[in-house]
Each structure stands twice: as structure tokens, then as C-alpha cells.
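Below is one structure; the comments refer to it alone.
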Protein chains: 2
Amino acid sequence: MLKLTKKADYGLIAVRHLAEHADLGACSAKDLAEMYGIPQEALAKIVQRLARSKLLTSQQGTNGGYVLARDPREISALEVIRAIEGPLFITSCNSSTKACSQSSKCTVREPLQKVSRTIEDVLSKLTVWELREGSEEAPAAGGHLVREDELVRIEVSGGNYGK
Amino acid sequence: MLKLTKKADYGLIAVRHLAEHADLGACSAKDLAEMYGIPQEALAKIVQRLARSKLLTSQQGTNGGYVLARDPREISALEVIRAIEGPLFITSCNSSTKACSQSSKCTVREPLQKVSRTIEDVLSKLTVWELREGSEEAPAAGGHLVREDELVRIEVSGGNYGK
DNA sequence: CCGAATGGCGATTATTTTGGTCGGATTGCG
DNA sequence: CGCAATCCGACCAAAATAATCGCCATTCGG
């Protein structure tokens, strides 16, 4: 249905958090999960993948956790999503490994791949820096201003999440 | 994984075929299915939905079948996909019916909905006419997909959060 | 009237997604 | 040193979703 999985959502949330709170040092998977009400084990696996893909660096031991490996302005949403879900194709008869049974007859795959490329393009131009909601920052690409009052400021208000 | 379901693929293939062979009169679901190696019953349901959505007209009885209801240049891929799969959301915590458990904490949904809109935009500009014969069909000068700079401009549109 | 075709719904199976468990390795702190 | 916090990786189970198939009613054409 043309949607991202929850894993990708979780990953983006995590990366975004790390981008916004980079100054606070490493953040453990457990903390991230509790902060956003995400099952710990699920998120743990996701950030592990992100670390394996060199998007995050992990720090083991007490007070360890994860930190962004690069500048959030240089990490695209596409990279995050791909690290978690693998290469994305819009067509179900994916063109990568093997052709589907209709391969020779599938007449729409090629036009749809152009759509796919366009989507990748959009996602590759969206940096995790811009995922933070106060992204009034305007990179050289131009445009993309966000008025503060248009945004839904979702404030973490101290309470206990999850259990 | 950000991909269309097979149903949508099938539907696009069928619609495309009807667009290309409009002169041959009605085409039955069975013929379509055999032609492209699609399970008959699966395709039958799909074209039924397309007919219900007024994208195709059905002709019952012997030598019946389906015909495009409108000019293929006026039917967008988005219409076809939506008729088959319903409204599409890129976020898994879809904003339509109910908010997900992380609703109040989901910090990336809004930026991603902008991406979603862009995708819909691309798909709404891709007509089934353009699906025929690969690609070099450029109706409007400057490429029929969204222009690059148009894509970067991801506009904040006040927008619908939750309901 | 009969055969062929669509219409519509349900049922079953396959695939994906999701969340969880376990045992282990590594690091830092007291 | 030893313990606790943390990351790591594989394996697994339940839930959700998608894909396919089947049945019967209806409608059309000869």
C-alpha cells in the first residue's frame, strides 16, 4: 500500500532524536524506546542495523548508547530507510534479483521505476536534520521554510512513558 | 518497504492494456489474465473494483469484457492505485482513522506526510496513456514527471494530523 | 432456454511484519 | 576484580496483511 513499515518509522524517530539531542551524548536504545513508547527489542534491532550501516556509532558498556556517525545534515531519510528495509522498489515484481513470472509481460514496470526513482530522489534530499520540526533552516537547495506556528510542537512533558 | 502490492501492479497492467488496445473493443478479465499470466480470479476482482470506481465500464454477457471509461490521457496512475488499494499513506501510523499509540510522540509523521504528498503528486501526473510503451512519451515539455526543483520544495501545509 | 460472461462475497493459504527471547561479548564503575 | 549496564546476533512466535481460489447469483446473447 505504498507505506513505510513501522521499523522505518522507528528508525527515523530515533535518528531524528539523536540529531536533535546530539549535545547530550550517547543515548541508549532502552532510553530511546521508553521515550517514544517503542518496544525495546524492536528498536534495539533497528539501531543495531543503523550502526552496522555506519549511520550511527555505538558505545558499549555502562552509560553507553548511540550517537549519529555523521552530521545530521548529511544523512538522508533514504539512507536511514534503506539501512533498515533494504533497497526499496515500488514495483512488487522487484527488478533486482529475479524477475517475476510476468517479467516478459510486465509492461508497467519500467514506467513505474521512474516513479520509484523520483521517490528515492525526494527521500534522498530530505535530511534527518530537516526531520526535526523546527527546521527553519534553509539549505542551499532553496525554499522550504517552516513557520513555527504551523508546526505541532510535541513536547516531551516529563511523564513516564510505557510502563 | 514502500512498494505497491501486486494487486496494484495487476490493475495497472490491465488498464494499460486497455489503453493500448482500446480499438479492439471489450476485453474480458479472463483474456487479460491469460495474456499477462495473472491468476484469473485475482484479476477479476481487481477489474471489478476498477469498474465500480468508474474507471472501467463492464459489459456482461458473451463477448463482454471491460473498456476504459475515460480517455487514457485523463486517467492517472494514482486513480487506479487508489481504486484498488484505497487511500495510500506513507506513514504506518496512518493519519486517517486512528492515531497510533505513539501519536503524541511521533515526531516524524508530519515531515513524512509531505513526502507522501509529493509521491501522490507524481502518481497523479502519470497517466495511463503514458504507461503504454515504456517512456519516451513526453506530453508537456520539460519532462512529464515532477521537475527536480519542484520536488525539493516540500511545502508545509498546515495539514491534517490525526483526526 | 442454455451457455458464456461478469458481480460479489467469503474462505483459505502464503507472505510479511512485528515483537520477543536467549545467550553472549564488551565496557565502565565501584 | 566483579557486577551491572549496554550492545550484538541469531532464532522464534504471534499477528497482520496480501494473494489466491471457490462458490453462487445475475445478466446477456443467440
Side-chain angles (χ1 to χ4, degrees), chain A residues 1-11 14 18 25-34 36-54 56-67 69 81 84-86 88-89 91-94 100-102 162-163, chain B residues 1-11 13-14 18 25-34 36-54 56-67 81 84-86 88-89 91-94 97-98 100-102:
Chain A
M1 214 194 283
L2 199 61
K3 66 173 168 51
L4 296 172
T5 63
K6 268 188 195 165
K7 279 185 190 170
D9 273 353
Y10 292 164
L18 294 176
C27 190
S28 75
K30 183 166 164 258
D31 286 347
L32 278 172
E34 283 178 354
Y36 293 97
I38 300 171
Q40 291 186 18
E41 296 79 9
L43 185 63
K45 266 199 297 197
I46 291 165
V47 286
Q48 278 170 32
R49 295 192 79 128
L50 292 175
R52 239 179 302 166
S53 301
K54 311 288 188 196
L56 304 181
T57 55
S58 64
Q59 175 64 29
Q60 291 194 142
T62 321
N63 286 339
Y66 294 91
V67 188
I81 294 169
I84 296 170
E85 313 213 55
L88 49 86
F89 296 108
T91 46
S92 34
C93 39
N94 48 19
C100 65
S101 55
Q102 292 95 15
K163 64 172 25 172
Chain B
M1 213 192 282
L2 200 61
K3 67 174 166 52
L4 296 174
T5 63
K6 269 187 194 164
K7 281 184 192 172
D9 272 354
Y10 293 164
I13 291 174
L18 294 176
C27 191
S28 75
K30 182 163 165 265
D31 286 348
L32 279 170
E34 282 178 355
Y36 293 98
I38 301 172
Q40 292 186 18
E41 296 81 7
L43 185 63
K45 265 203 293 201
I46 292 165
V47 287
Q48 279 169 31
R49 296 191 77 128
L50 292 176
R52 238 180 305 166
S53 301
K54 311 289 188 198
L56 304 181
T57 55
S58 64
Q59 175 65 31
Q60 291 194 145
T62 319
N63 285 341
Y66 293 91
V67 188
I81 294 169
I84 296 170
E85 313 213 57
L88 47 86
F89 296 108
T91 45
S92 38
C93 39
N94 48 18
T97 50
K98 62 183 176 70
C100 66
S101 54
Q102 290 94 15

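Below, chains carry the letters A, B, ... as their sequence lines are ordered, and counting in each starts from 1.
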Rounded distance (nearest 0.5 Å) linking atom [atom1] of [X] with atom [atom2] of [Y]:
X     : Y     : atom1 : atom2 : value
B:L43 : B:K6  : CG    : NZ    : 13.5 Å
B:I46 : B:L56 : CD1   : CG    : 11.5 Å
A:L4  : A:E85 : CG    : CD    : 6.0 Å
B:D9  : B:I81 : CG    : CD1   : 8.5 Å
B:S53 : B:Q48 : OG    : CD    : 11.5 Å

Spacing between [X] atom [atom1] and [N] atom [atom2], to the nearest angstrom:
X     : N      : atom1 : atom2 : value
B:D31 : C:dA5  : CG    : P     : 8 Å
A:K7  : C:dT16 : NZ    : P     : 12 Å
A:Q40 : D:dC7  : CD    : P     : 10 Å
B:K3  : D:dA19 : NZ    : C1'   : 11 Å
B:L4  : D:dA19 : CG    : P     : 10 Å
A:K6  : D:dA16 : NZ    : C1'   : 10 Å
B:K30 : C:dG7  : NZ    : P     : 16 Å
B:E41 : D:dA19 : CD    : P     : 15 Å

* **Given DNA chain D, 5'-ward residue of the pair A:R52 and A:G61, judged by closest heavy atom** => A:G61
* Structure fact -> Contacts of A:A8 and A:N63 projected onto DNA chain C by closest heavy atom; the upstream (5') one is A:A8
Side chain of [X]: nearest nucleotide among [options]?
X     : options               : value
A:Q48 : D:dA19, D:dG29, D:dC8 : D:dC8
B:Q60 : D:dT20, C:dT6, D:dC7  : C:dT6
B:Y66 : C:dG7, D:dC8, D:dT6   : C:dG7

Presence of [X] side-chain N/O under 4.0 Å of [N] phosphate oxygens OP1/OP2:
X     : N      : value
A:S28 : D:dC7  : no
A:S58 : D:dC8  : yes
B:Y10 : D:dA19 : no
B:T5  : D:dT17 : no

Heavy atoms under 4.0 Å, any strand shown: does [X] hit a base, just sugar-phosphate, or nothing?
X     : answer
B:Q59 : sugar-phosphate
B:T62 : base
A:K45 : base
B:A51 : nothing
A:A44 : nothing

* Structure fact -> Taking every heavy atom of B:C27 against every heavy atom of B:L18, the minimum-distance pair comes out as CB-CD2, 3.7 Å
